Amino acid sequence: MNVIVTGASRGIGREIVKGFARDGNHRIIAISRNNEKLETLKSEGEKLNPGSEVIPFSADITARGFTDKFLPVIENLGPVDVLVNNAGGLINKPFRELTEEDFGFLFDVNVKSVFRLTRLLYPRFSKSAHIINMGSMGGYQGSSKFPGLSLYSASKGAVAILTEAMAEEFKEDGITVNCLAVGAVQTEMLENAFPGYKAPLSSEEMASFIVDFAINGKKYFNGKILPVSVSTP
Ligand SMILES: NC(=O)c1ccc[n+]([C@@H]2O[C@H](COP(=O)([O-])OP(=O)(O)OC[C@H]3O[C@@H](n4cnc5c(N)ncnc54)[C@H](OP(=O)(O)O)[C@@H]3O)[C@@H](O)[C@H]2O)c1
């Protein structure tokens, strides 16, 4: 399979890349800004399974030039089977202190990048592709909300509805789109959101579920926002 994972330098995304490498002889494009970490990930992934190929692509997915820079990488890739829109950012700040720049930052990285990359890849998806958008329990309607995370949660709410709309438009082409509204996972982002909190799941554990879901979940779900959480937060 051809797999693309954004936010691959650390946390859940990094483990998703390793999970795909372990799973089979897949070609995995790993995107983030940190080239050094991606190069290490390439070695780690290919050591886990020498039949897999990890292709590091270091870029800021919110940058204007992203599309032009990324096109040559995907030109000869062949059909894309899995896209995991995992890259994300978080700002933990009381509502009254939030700025328009904070709004722009969060919606650029959490929402616009999903739109931009998916639109770019649209003609290149295979007839049974699965797109997974990383949501959050904070962006799941009716879930507990937490002080400081208003714009982050709102951006993930936008990702959830975008998922439903994309699934509707893409179904004629056999492309499945789902949103995983993930609960607490022990990563740098969680430490920023809830300092000192110990999450019930590691990145490896969450990634193992996501890799399995990316491969098999499209048989059972399309256009769904699935809460993946055993805890609050
Ligand atoms: N951890 C949790 O408890 C939790 C809960 C709910 C949802 N989520 C969601 O799960 C996803 C992964 O979260 P995580 O906890 O693994 O986060 P993380 O450890 O902070 O990792 C975020 C990843 O996104 C990449 N990234 C951020 N901005 C980028 C940009 N402009 N261009 C390219 N890459 C960028 C980072 O790489 P570089 O810095 O190298 O670019 C990094 O690889 C996010 O969408 C997050 O919102 C996480």
Side-chain angles (χ1 to χ4, degrees), residues 4-19 29-42 54 56-67 69-70 73 83-92 104-117 131-140 143-146 149 151-160 162-163 179-210 213-214 225-233:
I4 299 179
V5 181
T6 67
S9 64
R10 59 176 189 267
I12 303 167
R14 184 176 187 84
E15 296 304 323
I16 293 173
V17 171
K18 284 163 68 177
I29 300 186
I31 306 175
S32 94
R33 291 163 300 187
N34 190 321
N35 190 46
E36 209 176 306
K37 285 192 181 168
L38 293 180
E39 288 295 341
T40 312
L41 177 61
K42 176 179 169 62
V54 177
F57 181 71
S58 79
D60 181 343
I61 53 169
T62 67
R64 275 193 178 278
F66 174 81
T67 302
K69 204 174 154 191
F70 192 49
V73 180
L83 166 64
V84 187
N85 282 311
N86 166 77
L90 182 142
I91 291 174
N92 183 358
F105 166 79
L106 282 171
F107 277 74
D108 260 8
V109 68
N110 291 345
V111 190
K112 203 190 214 174
S113 70
V114 173
F115 157 75
R116 180 190 283 130
L117 184 56
I131 301 169
I132 294 176
N133 295 330
M134 287 294 274
S136 166
M137 279 310 290
Y140 188 74
S143 67
S144 303
K145 299 296 181 286
F146 296 93
L149 301 184
L151 280 184
Y152 171 77
S153 302
S155 71
K156 291 298 185 178
V159 169
L162 187 60
T163 301
C179 172
L180 297 178
V182 171
V185 181
Q186 200 61 50
T187 66
E188 280 181 36
M189 183 181 282
L190 182 89
E191 184 55 28
N192 180 13
F194 301 101
Y197 178 81
K198 288 282 161 267
L201 288 177
S202 66
S203 303
E204 292 87 335
E205 288 167 320
M206 182 54 80
S208 143
F209 168 77
I210 293 170
F213 181 77
I225 300 140
L226 301 165
V228 187
S229 178
V230 291
S231 66
T232 306

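FYI, the numbering just counts along the sequence from 1. Remember, it's 1-based here, ligands and their atoms both numbered in the order they're listed. Not measured: the values here are computed from a predicted model.
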* To do: Pick one of side chain, backbone, both or neither for how A59 approaches ligand 1, counting any non-hydrogen atom pair under 4.0 Å.
  =>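 The part of A59 near ligand 1 is the backbone, not the side chain.
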* Mind checking whether S203 contacts ligand 1 via backbone (N, CA, C, O), side chain (CB onward), both or neither, at a 4.0 Å heavy-atom cut-off? => neither
* Asked: Which class fits the ring pair F57 and F70: parallel under 30°, tilted 30 to 60°, perpendicular over 60°?
  ->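 Taking F70 first and then F57, their aromatic rings sit tilted (interplane angle of 30° to 60°).
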What is the nearest protein non-hydrogen atom to [atom], stated with its residue, atom name and distance?
{"atom": "atom 44 (C) of ligand 1", "value": "N86 O, 3.1 Å"}
{"atom": "atom 17 (O) of ligand 1", "value": "M189 CB, 3.5 Å"}
{"atom": "atom 34 (N) of ligand 1", "value": "S32 CA, 3.7 Å"}
{"atom": "atom 47 (O) of ligand 1", "value": "Y152 OH, 2.6 Å"}

Taking the minimum heavy-atom distance to [atom], which of [options] ranks first?
{"atom": "atom 7 (C) of ligand 1", "options": "G139, G135, G88, S153", "answer": "G135"}
{"atom": "atom 31 (N) of ligand 1", "options": "N110, D60, L180", "answer": "D60"}
{"atom": "atom 28 (N) of ligand 1", "options": "E36, R33, M206, E15", "answer": "R33"}
{"atom": "atom 5 (C) of ligand 1", "options": "S229, G183, A181, S136", "answer": "G183"}
{"atom": "atom 48 (C) of ligand 1", "options": "I210, V185, I12", "answer": "I12"}

* Asked: side chain to side chain contact (heavy atoms under 4.5 Å, CB included) with L41: which of E36, R14, E15?
  -> R14
For [X], take its heavy atoms, then give the atoms of ligand 1 lying under 4.0 Å from any of them.
{"X": "A8", "value": "43 (O)"}
{"X": "L190", "value": "3 (O)"}
{"X": "M134", "value": "10 (O), 45 (O)"}
{"X": "A184", "value": "3 (O)"}

* Asked: Less than 3.5 Å between some nitrogen or oxygen of G13 and one of ligand 1, yes or no?
  ->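 The answer is no, given that G13 and ligand 1 share no N or O pair closer than 3.5 Å.
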* Is a side-chain donor-acceptor pair under 3.5 Å present for K145 with S143? -> yes
